[in-house]
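One structure below.
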Amino acid sequence: MAAFRLQSCSSPSLSGRSPRSTLLLHVPTRCKLTCNSSFTRLKMSISSTPQTAAIPENNSVLGCGMAAVDFLVAVDSYPNPDDKIRSTSFQVQGGGNAGNALTCAARLGLSPRIISKVADDSQGKAILEELEADGVDTSFMVVSEGGHSTFSYDIVDSQAKTRTCIYTPGYPPMIPEDLSKSNLSSALDDVRFVYFDGVLQETELLSALVVAREAHRRNIPIVVDAESKRERVDDLLNLATYVVCSARFPQVWTEAPSIPAALVSVLLKLPNIKFVIVTLGEDGCMMLERAEAEDLQSEEIDVDELFQKMKQSIDTDATSATSISSDIAKLHAKGIGTVSGKLLLGTAEKIPPSELVDTTGAGDAFIGAVLYALCANMPPERMLPFASQVAAIGCRALGARAGLPQLTDPRLKPFLLNDPQNVATLL
């Protein structure tokens, strides 16, 4: 049986001609640690000692992707064809993967900037104002003269706890010519990480690649949200340092028979990434982290068999988010190959049905929290439950942003320690 302690390091301190586009230049308003198996298990509990939320010193991040307006309605149950029903609630708020993730990051204390495109319509103005109010720097947003901004109709089924999104992309889309060299350079200055969302259209992906290549040239780590298999997504993934993906993406992209095997395939296909995370909704998440150096003496283990053993060791009675980690090993996927690393499983908070309102944007919140965790140097064993908890808190309100927590939210306190360098070590 393994035993663990918490070791603290001391810390110092439609068709037709496209309307013209212009770059908008303005200044925005501005543990308890337990283990009861052969795997590392992190279970957070509130300490009696007062703790303060740590905001990393180097906390600037740049996001590139969608910013939108969401029209949200909640209904008792999703309508049948030709039905006419009443909504039970209605809200209009900001949306879009990048807009949501960066709003989350801002509320957690980071200083995010966004590269995206809106029109000079009322929706575009609302998008900018809401981002600015949350502390997201919109100085590098592109505003087109004419066209329309991105918007989405979201129907939330209060009974089935599902949501349906009908998305209308903005027009004209962003093109590489929208980004001047000087503004791109300014956007990347002193940035710790660059994040790209997974719903970019073809010309938007071309623009994102311009940003990604410059970030890569500057050795700025890149986080990619991989949501669907599309042309040019591979070009972006090849520049990534970290990948966070939707539940379906790994197997669709790799054609692997299981998610664990797909994660092995991802690391083999993308030799420069340090980890890949797949989010699994109420089933939590899974991470495969590459080992910094291959241990030639480490045991080779079938990754699917390892996953099943780890899954069986999860405390199914736990209601809060937890994580469990394997040791570093040579992880083999049949017919695919072997990588050296460790597998981590993260559980999600079991939200009482009476508190669960809407899962819109939960994945975006997760990524926003991952950005914070990376800036704070959180080890993966702490990153996964922290990000899952942030996403779970957001599910308690209608829309992607209304429920996003501040870093000082007491519900996050059990997941934050004074020193971001705290690590779990084996006795």
Side-chain angles (χ1 to χ4, degrees), residues 11 13 28-31 42 44 46 51-65 67 93-114 130-138 190-197 221 223 225 242 244 277 279 285 320-321 323 346 348-349 360-397 399-422:
S11 64
S13 57
T29 55
R30 294 254 273 207
C31 249
L42 278 177
M44 306 297 184
I46 298 178
Q51 296 180 355
T52 57
I55 297 177
E57 290 184 13
N58 185 358
N59 63 1
S60 294
V61 296
L62 174 66
C64 184
Q93 62 180 257
N97 296 40
N100 297 335
L102 295 175
T103 296
C104 179
R107 294 193 189 178
L108 294 174
L110 301 189
S111 298
R113 310 165 186 174
I114 185 170
E130 187 171 342
L131 288 170
E132 291 164 9
D134 265 306
V136 179
D137 184 346
T138 64
D190 302 316
V191 160
R192 182 85 178 270
F193 295 94
V194 182
Y195 149 69
F196 297 89
D197 78 21
V223 181
D225 168 19
Y242 309 96
V244 182
I277 301 174
T279 57
C285 58
S320 61
S323 74
E349 180 192 2
T360 299
D364 304 331
F366 185 97
I367 290 176
V370 166
L371 291 172
Y372 170 86
L374 288 171
C375 287
N377 299 314
M378 275 191 186
E381 293 85 353
R382 285 180 50 214
M383 175 193 294
L384 297 185
F386 172 74
S388 293
Q389 183 64 22
V390 170
I393 292 172
C395 293
R396 288 170 161 88
R401 301 188 192 174
L404 290 175
Q406 302 285 342
L407 188 60
T408 53
D409 191 304
R411 293 169 293 183
L412 292 180
K413 188 176 180 181
F415 302 84
L416 294 165
L417 302 177
N418 283 325
D419 184 2
Q421 300 297 327
N422 285 344

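Position 1 is the first residue of the sequence, and the numbers go up from there.
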Got [X] and [Y] here, is their nearest side-chain heavy-atom distance under 4.5 Å?
{"X": "S388", "Y": "C285", "result": "yes"}
{"X": "I393", "Y": "L404", "result": "no"}
{"X": "I277", "Y": "F366", "result": "yes"}
{"X": "L412", "Y": "V390", "result": "yes"}
{"X": "D197", "Y": "C64", "result": "no"}

Can you name the closest pair of heavy atoms from [X] and [Y] and give their distance?
{"X": "L102", "Y": "G63", "result": "CD1-CA, 3.7 Å"}
{"X": "G94", "Y": "E130", "result": "N-OE1, 2.8 Å"}
{"X": "P112", "Y": "G135", "result": "CD-O, 3.9 Å"}
{"X": "G346", "Y": "L384", "result": "N-CD1, 4.3 Å"}

Using a distance-only test with no angle check, is there a side-chain donor-acceptor pair under 3.5 angstrom linking S323 and E381? no
Check against side chain to side chain contact (heavy atoms under 4.5 Å, CB included), V223 and L371: CA-CA 8 Å; V223 181; L371 291 172; 4.0 Å; yes
[X] side chain vs [Y] backbone, donor-acceptor pair below 3.5 Å:
{"X": "R401", "Y": "Q93", "value": "no"}
{"X": "E349", "Y": "A392", "value": "no"}
{"X": "R113", "Y": "D137", "value": "no"}
{"X": "D225", "Y": "D364", "value": "no"}

Measure the [atom1]-[atom2] distance between [X] and [Y] for me, rounded to the nearest 0.5 Å.
{"X": "M378", "Y": "L374", "atom1": "CE", "atom2": "CG", "value": "10.0 Å"}
{"X": "N58", "Y": "C375", "atom1": "CG", "atom2": "SG", "value": "7.0 Å"}
{"X": "D190", "Y": "S111", "atom1": "CG", "atom2": "OG", "value": "11.0 Å"}
{"X": "I114", "Y": "T103", "atom1": "CD1", "atom2": "OG1", "value": "7.5 Å"}
{"X": "Y242", "Y": "F193", "atom1": "OH", "atom2": "CZ", "value": "5.0 Å"}
{"X": "L416", "Y": "L108", "atom1": "CG", "atom2": "CG", "value": "8.5 Å"}

Go through R107 and D134 one step at a time and tell me if the side chain to side chain contact (heavy atoms under 4.5 Å, CB included) criterion holds. CA-CA 7 Å; R107 294 193 189 178; D134 265 306; 2.9 Å; yes
Matching residue for Y195 among V61, L62, N97 - test: side-chain contact (heavy atoms from CB on, under 4.5 Å): N97
So if I apply the side-chain hydrogen bond (donor to acceptor under 3.5 Å, both in side chains) rule between D409 and each of K413, R411, Q406, which one comes out positive? R411
